[in-house]
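Notes for the one structure printed next.
One is the number of the first residue; the rest follow in order along the sequence. Computed over heavy atoms, backbone and side chain alike; hydrogens, waters and symmetry mates excluded. Nothing here was measured: the structure is a model prediction, and the numbers come from that model.
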Amino acid sequence: MKPFHLLLYIAASLPIGCNSHFEIEGLQAEEKLVVYCMPTAGYDTTVIQLSKTVPLNSAGLPPEGIPDADIEFTVNGESQKVCWSESGTGSMVPDKSYYVVKKLSKGDRIDIAASSGRLPTVRSSSVVPDGFRLHKVVLAESSTDAGYDRQIRITFSDDPQTEDYYGVRVMKKAHYTYTYFDWAEDRWIEDTRTGVYLPLVDVSGEPLLNNKIGLDATLDFDYNYYQDLYIWNDDMISGKEYTLKINVELEYNDEEDNFSSTYNYKVCLYRLSPELYKFLKSLNDISNNELGQNGLAPIRSHYSNITDGFGFLGAASLYETPWLDNPDSDETEVWTPAG
């Protein structure tokens, strides 16, 4: 339970503020473009989502997508064809978005400029970071107070020449097989089901991911990560080899007469550009700013690196392990990348 009674004590000790009244009818803030784009090394499709702001004195919501915009997208100075998708393209491109078909590699510089009508032209740039320097992934048992008894240990090395930003996400796959006799068809039937999801994790014991500091640590507030993508920088490990430890729920493979279950894990490892890291961190800080949400601290703002507009352009490199076997009790699964 979170100690909200302490918040009441703190609130009671604060001076009472005064209220200010002002009219927003006369505000004439101009509309601006909003761009979201995340180029990723190894992928051949980059999505560009474009919209615009709505001034305070206007009614309604911003339009979903702007189909008539002029977008210039370059890779290392070479202009790329930008396409519009009205109804989506497969699983990669959402509705009412732009996209570029060009496979990206580490070190590629991405520049984007977008304009529409009389709105100010927006610009931004980013560089695709190097790949994740992974050495091995180990799955083992590890008793924790929280009951998360499967530990995933990720050993990697940091580049001593650069400031680096990282991310990790753990995926879990459950495969079930049911065997039963169907009297109507007079035969045995095997029913198989597979589901992939994000498991519950515990990072409270991992120094790189336990971001409770200051008053948040004193009040023991939880710190949650956007879409379970756990991010960190290399301030604590600059130029060193390090083993990151993440605890997840322990489930054993099971096999009975008419039922069997198997579990596998996949680890998604990211190198993030500084812009993408700052954007994700701002999302996390805003979501976890419980003092601000209760009027006890300033409200944080979203990070943006879009000139004359809003949104962000940030690049990433992604490395995915294969589906790793779930070790039995007292056993350990070790996986190392090829080469």
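- Thr332 places none of its side-chain heavy atoms less than 4.5 Å from the side chain of Pro327.
- Put simply, the side chain of Met171 reaches to within 4.5 Å of the side chain of Trp323, judged on heavy atoms.
- Counting heavy atoms from C-beta outward, Ile48 and Tyr99 have side chains that stay 4.5 Å or more apart.
- The shortest distance between side-chain heavy atoms of Glu72 and Thr74 falls below 4.5 Å.
- Ser124 and Asn305 are linked by a side-chain donor-acceptor pair at a separation below 3.5 angstrom, with hydrogens and angles left out of the test.
- In this structure, the side chains of Glu30 and Lys32 come closer than 4.5 Å at one or more pairs of heavy atoms.
- Side-chain contact check for His175 and Thr194: at least one donor-acceptor pair (N or O, by modelled atom type) lies under 3.5 Å.
- We find that Arg150 and Glu141 are not joined by a salt bridge, their nearest charged nitrogen and carboxylate oxygen being 4.0 Å or further apart.
- The side-chain heavy atoms of Asp254 and Tyr252, taken from C-beta on, include no pair separated by under 4.5 Å.
- A salt bridge does not link Glu206 to Lys245: none of the charged side-chain nitrogens sits closer than 4.0 Å to a carboxylate oxygen.
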key: ring-ring contact (aromatic ring centres under 6.0 Å, His included) between Tyr303 and Phe279, intermediate numbers included   = CA-CA 5 Å; Tyr303 169 83; Phe279 175 75; 7.3 Å; no
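- Salt bridge annotation for Asp158-Arg133: absent, with no cationic side-chain nitrogen under 4.0 angstrom from a carboxylate oxygen.
- Side-chain atoms of Thr53 and Glu31 form no donor-acceptor pair, as typed in the model, at a separation below 3.5 Å.
- The residues Glu251 and Lys172 are annotated as salt-bridged, a charged nitrogen and a carboxylate oxygen being separated by less than 4.0 angstrom.
- Contact of the Arg109 side chain with the Ser125 side chain is registered, since non-hydrogen atoms from C-beta on lie closer than 4.5 Å.
- Aromatic ring pairs are classed by plane angle as parallel below 30°, tilted from 30° to 60° and perpendicular above 60°; the pair Phe132 and Tyr166 is perpendicular.
- Residues satisfying the side chain to side chain contact (heavy atoms under 4.5 Å, CB included) test with Asp308, not counting sequence neighbours, are Pro120.
- When ring centroids are compared, Trp232 and Tyr230 stay outside the 6.0 Å threshold.
- Between the side chains of Gln151 and Asn247, at least one donor-acceptor pair of N or O atoms lies under 3.5 Å.
- For the pair Leu318 and Cys268, the minimum side-chain heavy-atom distance is below 4.5 Å.
- The aromatic rings of Phe259 and Tyr176 sit parallel, their planes meeting at an angle under 30°, below the 60° perpendicular limit.
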